[in-house]
Structure formats: C-alpha cells, structure tokens
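Single-structure report; data block below.
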Amino acid sequence: MTRASTGARPGLPLPAGFYDRPVLDVARDLLGCVIDHDGVQVRLTEVEAYDGANDPASHAYRGETARNAVMFGPPGHAYVYFTYGMHFCVNLVCGPPGVASAALLRAGEVVAGFDRAASRRGSSTARDLARGPARLCQALDIDRRLDGADVARRGSPLRVLAGSRVPEALVRRGPRVGISKAAEWPWRFWIDGDRTVSAYRPHLARRKNQPGARIEVGEDA
DNA sequence: AAGAGGATGGCCT
DNA sequence: GGCCATCCTCTTC
C-alpha cells in the first residue's frame, strides 16, 4: 500500500489525513519521508511514538498545559519543545483533536542543503548532522517559533514530503530512548542498517554509582 | 567503544 | 527544588 499509507507520491507533501491515524502507524510510515525547512531537507530514519494520555512517557500524560497545548489540537501540526536548557525537539501531532498523540522525529539523513546544515551544526560529519532529535532540529533550524506550525498546509515554512515507502523487512522497532517511564514499550521505529540512526541509549539514572542495569545491544546502525 | 559529567533553563510538584 | 523525549567532551578500557 505504497500510496495509501503515505498518502502522497514521493516528493509531494503528506496530506493532513496522513496524520489522522493511530500514532504507531504514522510513526512507522514517516520512515523514509522528508522534513523540509529553510533550505535543508532530512530523510527520516528514526521516529518514536508517544500515545497521549495513555502513555506515562508522553508530555501529554498529565493533561494539557501551555507547553503541550499543540499536542491536544488537530493532527499534522508540529509540537516543538525545549529541553535540557539548550535543545529543541520536534514532534508531529497524530490522531484527532484531544487525543494528544505525537511522533517524535529522532534522526535522519540530510539529503538537501548540506552546507547550511553543516554550518548550523558546526563541525560535524555528514552522519552526525541529524543523528538525534536535538541535532535534527539544529540542522533544520527548528525552534519554538515553529511550535504549532501546520506541516500539511500549503505555504507552511515547515513541511513533510512523502518518500518511497520503506519495505517492511527494513523496518525495525524497539524500546524508546532517554525516558524513564514505559521505556520498555517498543514504540521506536528505525531503518535497519542505516548509519544515521541514533545510538541506542537507555535512560541513565542521575545518581552516581548505579550498579547493574546492563542493557543488551539493540542495533548498531 | 563505552561511561561519566557538565552545560543550562523551563516546567511541574 | 527536582526532573528532564539531549549533546558534547573527556577519560578509561
């Protein structure tokens, strides 16, 4: 279902209806699609699903606040948040209004605007330009000005274009990264073998000398 | 290759 | 006041 699942031919913007589906389906189908902003395009290789009020790891779990309000709105809008005092991350809202599900764009490959992306990122290898959610935002110059942007609207500064569908055999899923709650849920999707997929890092306890907690290697893309 | 620690600010209890 | 959906550098193996 090449056309049906992505909702558009490669290179054309994904319609709003693409996002108005269960977040797990949207997250998986975003693999291979291209996010475009201000002269840089990134082909997505890693996406995570967050399921609104049902998901203890979601920013929406404790209800609507000023910060997460966009998540409670219509699908196809960007939820951009600031974290760790210095980083931005971008999600795409999924499902109907009020559900507050979203897909976190975790990593990708820069396919256009390489020089611009490299300049924004400082000295960085091609592989690392958008390898990780905050790096991806930095390469694309995404910040809070874009919180709420409608990526399906014609003329929007931030857009998402359909790619050719990634074959099922190349889609892998596993635990999400960097969260302490519901981390075991296998709601992270990535393209098998792609070197721009971020390294798997389990949530690190803040305390010093925390023994045990060995994690098996998920993948080395 | 892998782990530790710092940077740094807003959000929520 | 604590906790982050992180990244970078440095250290050690």
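So that the names make sense, note that chain A is the first sequence line, chain B the second, and so on, each numbered from 1. The structure presented is a predicted model; accordingly, all values stated were derived computationally and were not measured. Any value given below was found using the heavy atoms of this structure, including those in side chains, with hydrogens, waters and symmetry copies removed.
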Measure the distance from [atom1] on [X] to [atom2] on [N] and round it to the nearest whole Å.
X      : N      : atom1 : atom2 : value
A/D143 : B/dG10 : CG    : P     : 13 Å
A/M86  : B/dC11 : CE    : C1'   : 16 Å
A/R135 : C/dT6  : CZ    : C1'   : 9 Å
A/F82  : B/dC12 : CZ    : C1'   : 16 Å
A/R67  : B/dC12 : CZ    : P     : 6 Å
A/D147 : B/dC11 : CG    : P     : 11 Å
A/Q138 : C/dC7  : CD    : P     : 9 Å
A/Y200 : C/dT6  : OH    : P     : 12 Å

Decide whether a cation-pi geometry holds between A/R21 and A/F18; the criteria are a distance under 6.0 Å from NZ or CZ to the six-membered ring centre and an angle within 45° of the ring axis.
yes

Identified pairing partner of C/dG1, criterion: Watson-Crick or G-U wobble below 3.5 Å:
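Across any shown strand, C/dG1 pairs with B/dC12.
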
Opposite nucleotide pairing with C/dT12, Watson-Crick or G-U, both atom distances under 3.5 Å:
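Matched C/dT12 with B/dA1 under the 3.5 Å cut-off.
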
Closest to the A/R144 side chain, choosing from B/dC11, C/dC7, C/dC4
B/dC11

Is it the case that C/dA5 (base atoms only) and A/H203 (side chain only) share a donor and an acceptor within less than 3.5 Å, ignoring hydrogens and angles?
no

Please evaluate the base of B/dA7 for a donor-acceptor partner in the side chain of A/Y84 within a cut-off of under 3.5 Å?
no

Hey, what's the ring geometry for A/F82 with A/F88, parallel, tilted or perpendicular (30° and 60° as the breaks)?
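Judged by the thresholds at 30° and 60°, the geometry between A/F82 and A/F88 is tilted.
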
Exam field: side chain A/E46 to backbone A/L105, donor-acceptor pair closer than 3.5 Å
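No, because the side chain of A/E46 does not come within donor-acceptor range (under 3.5 Å) of the backbone of A/L105.
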
Whether A/R106 contacts C/dT6 is assessed here as follows: a side-chain N or O lying under 4.0 Å from the phosphate OP1 or OP2. Is that the case?
yes

Do the side-chain N or O atoms of A/T65 get closer than 4.0 angstrom to the phosphate oxygens (OP1, OP2) of B/dC11?
no

For a quick check of understanding: with a heavy-atom distance under 4.0 Å over all strands, which category does A/A134 fall into, base, sugar-phosphate or nothing?
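Contact class for A/A134: sugar-phosphate only.
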
Touch class at under 4.0 angstrom, heavy-atom based, for A/R62 against every strand present
sugar-phosphate

Looking at every non-hydrogen atom in both residues, tell me the closest pair between A/R67 and A/D147 and how far apart they are.
O-OD2, 4.4 Å

Ranking A/R121 and A/V177 by the position along DNA chain C of their nearest nucleotide, the one closer to 5' is A/V177

Could you pick out which residue, A/D128 or A/V90, lies toward the 5' side of DNA chain C when each is mapped onto its nearest nucleotide?
A/V90

For DNA chain B, whose closest nucleotide is more 5', that of A/T83 or that of A/N68?
A/T83

Taking A/D55 first and then A/R176, would you say they form a salt bridge - that is, a charged N and a carboxylate O separated by under 4.0 Å?
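A salt bridge links A/D55 with A/R176.
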
